[in-house]
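Note sheet for the following structure.
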Amino acid sequence: MADTINHNIRVAQLVTGESIICNFTQVKEEEKFVGYQVLYPLALTLSANPTETGGEETYSVTYRRWNPFTPYEDHRINPSSVISAMPPSEDILKNYVSRLEAAGVDLSFLPNNGADILGETTQSATTEGPVAASVS
């Protein structure tokens with residue numbers, strides 16, 4: 001099984017039959033749960049790829065804006081409209097964060113600004129071997 005999940009990215013199955021990937025959190029008012037916040041939602045569509053005889057069936061995932069009718073990417077939805085919300089597979093997670101980064105989205109809502117998810121390391125430069133001393 002996967003390591004500890006340190007983000008709120010979820011694939012939510014909605015009663016409408018849609019699947020969305022988003023930063024998924026609870027909305028509370030006066031300590032009472034009132035709904036879900038879906039931040040930067042993208043609708044996911046699965047389509048089967050043609051297979052060769054005897055080949056294993058493969059699928060493609062299409063990502064599109066969930067609500068293209070508004071410029072806002074922060075939505076509140078009714079809890080009764082959500083069937084489930086589960087962490088995405090590693091490749092879906094990486095694709096999603098890559099798409100947000102390409103769109104110029106501020107990834108500060110993710111640990112390490114998404115660098116861990118994208119496989120980017122923040123190593124400092126090191127010098128190997130002898131370093132020549134300057135001669136004056």
Side-chain angles (χ1 to χ4, degrees):
M1 192 68 189
D3 294 325
T4 303
I5 298 168
N6 62 352
H7 58 77
N8 290 326
I9 307 291
R10 299 292 184 267
V11 173
Q13 304 298 320
L14 306 179
V15 296
T16 59
E18 295 172 293
S19 296
I20 61 171
I21 187 168
C22 59
N23 192 62
F24 189 85
T25 55
Q26 292 185 357
V27 176
K28 293 184 178 183
E29 291 178 3
E30 299 177 12
E31 302 300 318
K32 183 180 178 201
F33 170 66
V34 296
Y36 292 114
Q37 175 193 40
V38 294
L39 184 62
Y40 306 116
L42 295 178
L44 301 174
T45 308
L46 190 66
S47 55
N49 294 326
T51 59
E52 296 183 23
T53 307
E56 195 172 314
E57 192 168 32
T58 61
Y59 297 90
S60 293
V61 177
T62 303
Y63 302 80
R64 69 169 174 76
R65 285 191 62 214
W66 180 54
N67 188 346
F69 305 107
T70 178
Y72 299 102
E73 296 293 340
D74 184 351
H75 304 274
R76 304 293 188 271
I77 59 174
N78 189 314
S80 65
S81 64
V82 179
I83 295 171
S84 70
M86 299 296 293
S89 64
E90 189 174 329
D91 55 339
I92 299 290
L93 176 63
K94 190 170 186 174
N95 281 339
Y96 173 70
V97 175
S98 294
R99 288 171 187 278
L100 293 182
E101 182 181 51
V105 171
D106 177 4
L107 299 178
S108 62
F109 67 92
L110 292 169
N112 201 15
N113 293 320
D116 299 335
I117 294 169
L118 295 172
E120 299 168 355
T121 55
T122 54
Q123 298 175 350
S124 59
T126 57
T127 304
E128 294 182 14
V131 177
S134 62
V135 178
S136 35

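Sequential numbering from 1 along the given sequence is applied to the chain's residues.
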Carefully, step by step, assess Phe109 and Thr25 under the rule side chain to side chain contact (heavy atoms under 4.5 Å, CB included). CA-CA 11 Å; Phe109 67 92; Thr25 55; over 6 Å; no
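- In this structure, Leu107 is a member of the same hydrophobic cluster as Ile21, with clusters built from ILVMFWY side-chain heavy atoms closer than 4.5 Å.
- To the nearest 0.5 Å, atom CG of residue Asn49 and atom OG of residue Ser60 are 3.5 Å apart.
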Leu118 and Ser98: side chain to side chain contact (heavy atoms under 4.5 Å, CB included), yes or no, with the steps? CA-CA 7 Å; Leu118 295 172; Ser98 294; 3.2 Å; yes
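- Formation of a donor-acceptor pair under 3.5 Å by the Asn113 side chain with backbone atoms of Ala115 is not found in this model.
- Hydrophobic clustering (side-chain heavy atoms under 4.5 Å, transitive across Ile, Leu, Val, Met, Phe, Trp, Tyr) keeps Leu42 apart from Ile77.
- Cluster annotation: Val105 and Val38 are assigned to distinct hydrophobic clusters (Ile/Leu/Val/Met/Phe/Trp/Tyr, side-chain heavy-atom contacts under 4.5 Å, transitive).
- Residues Val15 and Val11 do not share a hydrophobic cluster, clusters being chains of Ile/Leu/Val/Met/Phe/Trp/Tyr side chains in contact below 4.5 Å.
- Under the 4.5 Å side-chain heavy-atom criterion for ILVMFWY residues, a single connected hydrophobic cluster contains both Leu46 and Ile92.
- Considering all non-hydrogen atoms of both residues, Ala48 and Tyr59 come closest at CA-CD2, 3.7 Å.
- Taking all atoms of both residues into account, the shortest heavy-atom contact from His7 to Arg10 is O-NH1, 3.1 Å.
- A distance of 10.5 Å separates CH2 of Trp66 from CZ of Arg64, quoted to the nearest 0.5 Å.
- Rounded to the nearest 0.5 Å, atoms CD1 (Ile117) and CG (Asn95) are 12.0 Å apart.
- Atom OG1 of Thr45 is separated from atom CD of Glu18 by 9.0 Å, given to the nearest 0.5 angstrom.
- You'll find the side chain of Pro88 stays beyond 4.5 Å of the side chain of Tyr96, heavy atoms only.
- Heavy atoms only, all atoms of each residue included: Tyr72 and Arg65 are closest at O-NH2, 4.1 Å.
- Between the NE2 atom in His75 and the CD atom in Gln37 there is a gap of 10.0 Å [rounded to 0.5 Å].
- Of all the heavy atoms in Arg99 and Tyr63, the pair that sits closest is NE-CD1, 3.1 Å.
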Between Val97 and Tyr40, is the side chain to side chain contact (heavy atoms under 4.5 Å, CB included) condition met? List the steps. CA-CA 10 Å; Val97 175; Tyr40 306 116; over 6 Å; no
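- Minimum heavy-atom separation, Ile20 to Pro41: CD1-CB, 4.3 Å.
- Distance CG/Leu93 to CG/Leu110: 8.0 Å, rounded to 0.5 Å.
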From CA spacing to verdict: side chain to side chain contact (heavy atoms under 4.5 Å, CB included), Thr62, Leu44: CA-CA 6 Å; Thr62 303; Leu44 301 174; over 6 Å; no
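- No side-chain heavy atom of Arg76 sits less than 4.5 Å from a side-chain heavy atom of Tyr36.
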